[in-house]
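Just below is one structure, and these are the notes that go with it.
If you're wondering where the values come from, they're calculated on a predicted model, not measured in any experiment. By convention here, the first residue in the shown sequence is residue 1.
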Amino acid sequence: MMRTVANALVASGLLLAPAAADSCQTPINHPGTAFSNVQPLNTTILDPYGHSPAVYPSPNTTGIGGWEEAMAKAKAFTAQLTLEEKAWMVTGQPGPCVGNVLPIPRLNFSGLCLQNGPQGIEEGTYSSVFVSGVSAAASWDRKLIYDRAYAIAEEHKAKGTHVILGPVAGPLGRSAYNGRSWEGFAADPYLTGVCMEETIIGFQDAGVQANAKHFIGNEQETQRNPTFDPNANATTYIQDSVSSNIDDRTVHEIYMWPFANAVRSGAASFMCSYNRLNGSHSCQNSWALNHLLKTELGFQGYVMSDWGATHSGVASIESGMDMTMPGGFTLYGEMWTEGSYFGKNLTAAVENGTVDMSRLDDMVIRTMTPYYLLGQDQDYPSVDSSVGPLNVDSPPDTWLYDWTFTGTSNRDVRGNHSVLIRQHGAESTVLLKNENGALPLNAPKSIAVFGNDAGPITQGAYNNVNYEYGVLPNAGGSGTCRFSSLSNPLDAITRRAEQDGALVQSWLNNTLLTTTALPDLWIGQLPDVCLVFLKSWAEENKDRDSLDLDWNGSAVVEAVATYCNNTVVVTHSNGINVLPFADHPNVTAILAAHYPGEQAGNAIVDLLYGKVNPSAKLPYVMAYNESDYNAPVTTAVQTNGTYDWQSWFDERLEVGYRHFDANDITPRYEFGFGLSYTTFSLSGLSGNSSASNLTALPPARDTMPGGNPALWETVYTIKADVTNTGGVAGYAVPQLYAGFPDSTPEGTPPSQLRGFDKIWLEAGETKTVTFDLMRRDVSYWDIVAQDWRIPSGAFTFNAGFSSRDFWANSTVVLL
């Protein structure tokens, strides 16, 4: 494998000569790319890219950042373990939870329970289903994001979960077609970083470990795992997993950015991803794990594999992976087979000197430090035995350990969280269109409800890609949940309409609606309002084929709007859809409700009738055409070589709205856009420096969790006045975007989100908002200096209510 050499890393002893442990593959030649074995010293230029430098050894944890006392307890615990116990502490086992670390009864250690997921407990009965990640991001509300996370973790803890497998910053949203973007937050590193930080703090304030995933470059589901030879063993690939080939600057400014927030917020663990990164499997990519994560960001916790993402033993260990999951089983095609690269193989590797005992000790110490940090050794709830039979990853007949359970089974952990979920569902639904005062509804007497997304689920309380009838409040894969209760729109609308003595009619068959003239269906005169509910499915392990709505949804809108001059459309979707009906004159309102969880019906009624004033904003771009989006998923390769699945991130920094801005493409609904039942204005943008003697490069300081602490210091503060100019109280979401100086290297986006707030304003009220800009916010990643650099020249800061709706600007030279 061709690698570059960094003088700074060599000097620190972190970068060694290429070794067998780093099983990077020879890069496929990229058109116009030339590779060399060694770059000039003092650089690690991954540009041209497609390969990773080798960085060894894996750094030991030091406990910095307030973990010192917990680390001391973890060291004392580790010192009492036998070699075999140490090996199994970092090797998962089949059991009641999605991931399990075996108990050690002689040390009063009851093991670790790792559970999906980020929207609620996947393997849960009598548990809640909260709003999805993309919904939380659409709220643009730090408190909502924190409150959601804390409540999710409360339920997990009550069921005995030690580690929540979430939150998600990868996928970030490079491709509009990604099947898992709904589990994450926003197609923007800044907003996703805020969401990661608030979520992790919320989880861990409730006493449950967070697991930041999937690190790094996990931007498609297609070919995320190798294709195995069904006639050979589980290590023989027909073709390896896709390689996300990303240049150094893009890694730092886009994909690693929110993970830096995760480390800074104290995340207990990270999950390395299925894909390869620049030719090397992410879980054995020493540049990503040893250098970027554990050294540059100062991560103190443990790195676990995604389920079946371990493809080596010693190579993964030396490259910085600390725990393999699910461990006792190995992914083989569509099956799980007994065996592990760790476990007994790790014991043998230490005994024969291949792996040093100090490395294994660090793996265990990293695993146990968060356990003590969060007090999980003190009166922690036992695992609810009811989760075991629901475990599709390792059902009870696969368990190799005699698991025993204490405590109540089938615990009801919901509390009053339904109230919170209803509030969050309404506050994360984006009002995209509202013509002629269509919303809020004013006691209509005749209501027609259309679409197969409006009614109750008819095929059980566990979502499935092929279910035709029923509201879609959650999508598929490991992030899905089981519903103990579910409010659907039709029932909620019917109950609310009873207060006005209104007639409610409904047609839920999309095929009928697109083949029958509507006047032949409804009773009496034209309804006062026609509410159309549509859905768009997404799931893990599969990317989307289209950005249109499922079950011929767009045609349903056209059919209804042909006859109904007050057609209101509601979508339940993972986010991005093209909406060809948006300009139809009879489509008076559109709401994007995302995946709102168990209170889907009640939440949308609160918005439709004005109990809640819409305040959500798009955390992505909605385009006019599918062809307007860049970075399509790599869906096929033309050759059959083992390593031929290559995805070149040639768009570099042009992710999401950055692509539309850089190429002057008009979106249908831009990033940050969302309407309200009132109006707002912004004025008086002004700023002042918060730092004296500012330097281009940050001062050298000891690395803390999150990296150089100087990067997180405020260097400039901007203020603006926001006024509610309408007649209804509501939330405003002022946003700040930075345009970097011309001295910044080519490819810098024209505008980048660098601040936002969410403030409540009574009608006519004015408040001042403050945006504190940290050094990182006004820096770019200098690939030669290998550091964050503030460019010389004038910054242009624009403030307003979306990425295209600027009300005020300010120009300032920081250096």
Side-chain angles (χ1 to χ4, degrees), residues 58-83 85-93 95 97 99-115 149-150 153-154 156-166 200-212 262-271 293-294 297-304 320-323 325 327 357-383 406-407 704-706:
S58 185
N60 289 341
T61 181
T62 63
I64 57 172
W67 295 32
E68 294 86 352
E69 183 179 344
M71 187 186 71
K73 293 180 179 179
K75 284 186 173 181
F77 174 86
T78 303
Q80 301 177 69
L81 300 176
T82 66
L83 171 59
E85 288 170 337
K86 291 177 183 179
W88 289 111
M89 279 291 299
V90 297
T91 307
Q93 283 290 311
C97 303
N100 305 272
V101 171
L102 288 177
I104 303 178
R106 69 180 185 86
L107 297 179
N108 295 318
F109 175 64
S110 59
L112 295 177
C113 169
L114 291 67
Q115 289 283 43
Y150 190 91
E154 282 185 312
H156 269 285
K157 182 176 181 178
K159 288 282 189 180
T161 303
H162 295 89
V163 185
I164 298 173
L165 300 176
I200 289 165
I201 294 172
F203 282 173
Q204 298 191 169
D205 279 356
V208 186
Q209 298 180 39
N211 175 246
V263 176
R264 182 173 181 250
S265 64
S269 60
F270 265 55
M271 182 185 291
L293 183 57
K294 292 185 174 181
L297 294 183
F299 177 58
Q300 298 299 302
Y302 57 99
V303 178
M304 73 173 73
M321 196 182 79
D322 303 302
M323 177 188 291
M325 279 290 162
M357 180 68 83
S358 64
R359 172 68 186 116
L360 177 55
D361 284 347
D362 184 63
M363 294 161 69
V364 179
I365 292 167
R366 284 179 175 272
T367 299
M368 290 302 294
T369 296
Y371 175 80
Y372 289 111
L373 180 73
L374 299 179
Q376 293 183 333
D377 59 323
Q378 302 293 324
D379 301 320
Y380 204 82
S382 61
V383 174
T406 60
M704 296 291 286

- prompt: Taking Gln204 for the side chain and Ala268 for the main chain, is one N or O donor matched with an acceptor at less than 3.5 Å?
  reply: yes
- prompt: Has the side chain of Arg264 got a donor or acceptor atom that lies under 3.5 Å from a matching backbone atom of Pro705?
  reply: no
message: Tell me whether Asp362 contacts the main-chain N or O of Thr61 through its side chain, where contact means a donor paired with an acceptor under 3.5 Å.
response: yes
query: What's the spacing between Asp377 CG and Phe77 CZ if we round to 0.5 Å?
result: 10.0 Å
task: Hey, could you give me the CE/NZ distance between Met363 and Lys86, rounded to the nearest 0.5 Å?
output: 11.5 Å
- prompt: With respect to Thr78, which candidate in Asp361, Thr367, Thr369 satisfies the side chain to side chain contact (heavy atoms under 4.5 Å, CB included) definition?
  reply: Asp361
message: Given 3.5 Å as the limit, does a donor-acceptor pair link the side chain of Thr91 with the main chain of Met323, or not?
response: no
- prompt: Which heavy atom in Ala262 sits nearest to a heavy atom in Ala212, and how many Å separate them?
  reply: CB-CB, 4.0 Å
query: Run the side chain to side chain contact (heavy atoms under 4.5 Å, CB included) check on Met321 and Val90 step by step: do they pass?
result: CA-CA 10 Å; Met321 196 182 79; Val90 297; over 6 Å; no
List, one per line, each side-chain donor-acceptor pair under 3.5 Å for residues 157-166, sequence neighbours excluded.
from, atom 1, to, atom 2, distance (Å)
Lys159, NZ, Thr125, O, 2.7
Lys159, NZ, Asp384, OD2, 3.0
Lys159, NZ, Arg411, O, 2.9
Thr161, OG1, His156, O, 3.3
Thr161, OG1, His156, ND1, 3.1
His162, ND1, Cys113, N, 3.0

query: Is the side chain of Gln300 donor-acceptor paired with the backbone N or O of Gly298 at a distance under 3.5 Å, no angle test?
result: yes
message: Within this structure, what is the CG-CG distance for the pair Leu114 and Asn211, rounded to the nearest 0.5 Å?
response: 7.5 Å
- prompt: Can you check whether Gly320's main-chain N or O pairs, donor with acceptor, with Lys294's side chain at less than 3.5 Å?
  reply: yes
message: Measuring centre to centre across the rings, with the benzene-like ring taken for any Trp, is Phe109 within less than 6.0 Å of Tyr371?
response: yes
- request: Taking all non-hydrogen atoms of both residues into account, name the closest pair between Lys75 and Ile365 and its distance.
  value: CG-CD1, 3.5 Å
Heavy-atom pair of closest approach, residues Gly92 and Met325: CA-CE, 3.6 Å
- request: Enter the distance from Arg106:CZ to Thr82:OG1 here, rounded to the nearest 0.5 Å.
  value: 6.5 Å
message: Taking Gln93's backbone N and O only, do any of them form a donor-acceptor pair with Asn100's side chain (distance below 3.5 Å, no angle check)?
response: yes
- request: Measure the spacing between CG of Asp322 and OG of Ser58 and express it to the nearest 0.5 Å.
  value: 6.0 Å
For residues 65-73, dump all side-chain donor-acceptor pairs below 3.5 Å to protein atoms at least two apart in sequence or in another chain.
from, atom 1, to, atom 2, distance (Å)
Glu68, OE1, Gly66, N, 3.3

- request: Go through Gln376 and Gln209 one step at a time and tell me if the side chain to side chain contact (heavy atoms under 4.5 Å, CB included) criterion holds.
  value: CA-CA 9 Å; Gln376 293 183 333; Gln209 298 180 39; 2.8 Å; yes
message: I'd like to know whether Glu85 forms a side chain to side chain contact (heavy atoms under 4.5 Å, CB included) with Gln80, so could you lay out the CA-CA distance, the side-chain angles of the two residues, the decisive distance to 0.1 Å, and finally the verdict.
response: CA-CA 9 Å; Glu85 288 170 337; Gln80 301 177 69; over 6 Å; no
Partner set under ring pair (Phe, Tyr, Trp, His ring centres under 6.0 Å) for Phe299, not counting sequence neighbours: Phe270
